Amino acid sequence: MNPLPPSFYEQDVDRVARALIGATLTVDGVGGVIVETEAYDAADPASHSFAGRTARNAAMFGPVGHAYVYRIYGLHHCLNFVCGTSGSAVLIRALEPRHGIDIMRERRGSALRVEQLCSGPGKLCAALGINLGLDGVSLASRPFDVRKAPTAVPVIVGRRIGISKAAERPRRFGWKDSPWLSREIIA
DNA sequence: TGTAGGATCGGCT
DNA sequence: GCCGATCCTACAG
């Protein structure tokens, strides 16, 4: 359960996406265990970095081990971890809530079941209080805390979700049979 | 300068 | 399963 060093993110983005399953992410002490991720890079037509560096995606081309946060559909946010190859990042899609569940409910709605708090990229950003102010911020310092998975976990791979280009590429990773996934993982 | 569409979510049919 | 919310990026003209 040690903090993940910046060198961890230097690995191939698909390897990082897989290795993050089981890691613990908190923001100001609120968060839980990562159960679902997706990999993107500059050679991927579905990636924001595919068309090159712009003002929005600058963090994807910035320092490794920093956050790339963007707004989607005008109202939600998504969190990514920037990796070694320039323009590559891992989208964090779902968490098992562990810490600060009362605060998550304050932010997301007091009537929600625990399974609904972080079961999607937009949901977990709302629950953890992630916004554009965290774009480009280092994951190795506050408010972020990312810790290595204490033990190996069973990971399955499938096609990505919610994209129109290259969705069939097997770049979605999830904790096998986890009840905390955003959706079932389909190969 | 104008505008189509997106790595989503929740409510309604 | 479908649709609207809501904003800002990217690209066309």
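These figures come from a predicted structure and were not determined experimentally. We use all heavy atoms of the structure for the numbers below, so side chains are in, but hydrogens, waters and symmetry mates are not.
Separation of the P atoms belonging to B/dA4 and C/dG4 is 15 Å when rounded to the nearest angstrom. B/dA7 sits 13 Å from C/dC11 when the P atoms are compared, rounded to a whole Å. Taking atom P on both C/dT6 and B/dG2, the two are 23 Å apart, rounded to the nearest angstrom.
A donor atom on one side chain and an acceptor atom on the other are found under 3.5 Å apart for A/Tyr40 and A/Glu38. Side-chain N/O atoms of A/Ser182 and A/Arg93 include a donor and acceptor closer than 3.5 Å. There is no side-chain donor-acceptor pair under 3.5 Å between A/His66 and A/Tyr9.
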Please list, for nucleotides 9-13 of chain B, all pairs of protein and nucleotide N/O atoms separated by less than 3.5 Å.
unit_1, atom_1, unit_2, atom_2, d
B/dC9, OP1, A/Pro121, N, 3.2
B/dC9, OP1, A/Gly122, N, 3.0
B/dC9, OP1, A/Lys123, N, 3.1
B/dC9, O4', A/His76, NE2, 3.1
B/dG10, OP1, A/Arg108, NH1, 2.8
B/dG10, OP1, A/Arg108, NH2, 3.3

Extract from the structure each pairing of a protein N or O with an N or O of nucleotides 9-13 of chain C at less than 3.5 Å, listing the distance.
unit_1, atom_1, unit_2, atom_2, d
C/dA10, OP1, A/Thr54, OG1, 2.4
C/dA10, OP2, A/Thr54, OG1, 3.4

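Following rounding to the nearest Å, A/Arg183 (CZ) and C/dG1 (C1') show an atom-to-atom distance of 12 Å. To the nearest angstrom, C1' of B/dA7 lies 4 Å from OH of A/Tyr70. Atom CZ of A/Arg172 and atom P of B/dT8 are 10 Å apart (whole Å). Spacing between atom CG of A/Asn80 and atom C1' of B/dT8 amounts to 14 Å, rounded to whole angstrom units. Rounded to whole angstrom, the span from the NZ atom of A/Lys165 across to the P atom of B/dG5 amounts to 12 Å. If you measure from atom CZ of A/Arg71 to atom P of B/dT8, you get 15 Å, rounded to the nearest angstrom.
Within a 6.0 Å radius of CZ in A/Arg107, more than 12 heavy atoms belonging to other residues, nucleotides or ligands are found.
Side-chain atoms of A/Ser88 come within 3.5 Å of backbone atoms of A/Thr85 as a donor-acceptor pair (strictly under, hydrogens ignored). Side-chain atoms of A/Asn57 come within 3.5 Å of backbone N or O of A/Gly52 as a donor-acceptor pair. Listed for the A/Arg169 side chain is no donor-acceptor partner under 3.5 Å among the backbone atoms of A/Ala46.
Taking the six-membered ring where the residue is Trp, the centroids of A/His77 and A/Tyr70 are separated by 6.0 Å or more.
Residues A/Ile130 and A/Val69 form a side-chain contact, since some pair of their non-hydrogen atoms from C-beta on lies under 4.5 Å apart.
A/Ile72 comes within 4.0 angstrom of sugar-phosphate atoms only, judged by non-hydrogen atoms across all strands, and of no base.
The nucleotide C/dT6 finds no pairing partner, because no Watson-Crick or G-U wobble arrangement with both distances shorter than 3.5 Å includes it.
With centres under 5.5 Å and a plane angle under 30° as the test, the ring of A/Tyr73 is not stacked against the base of B/dG6.
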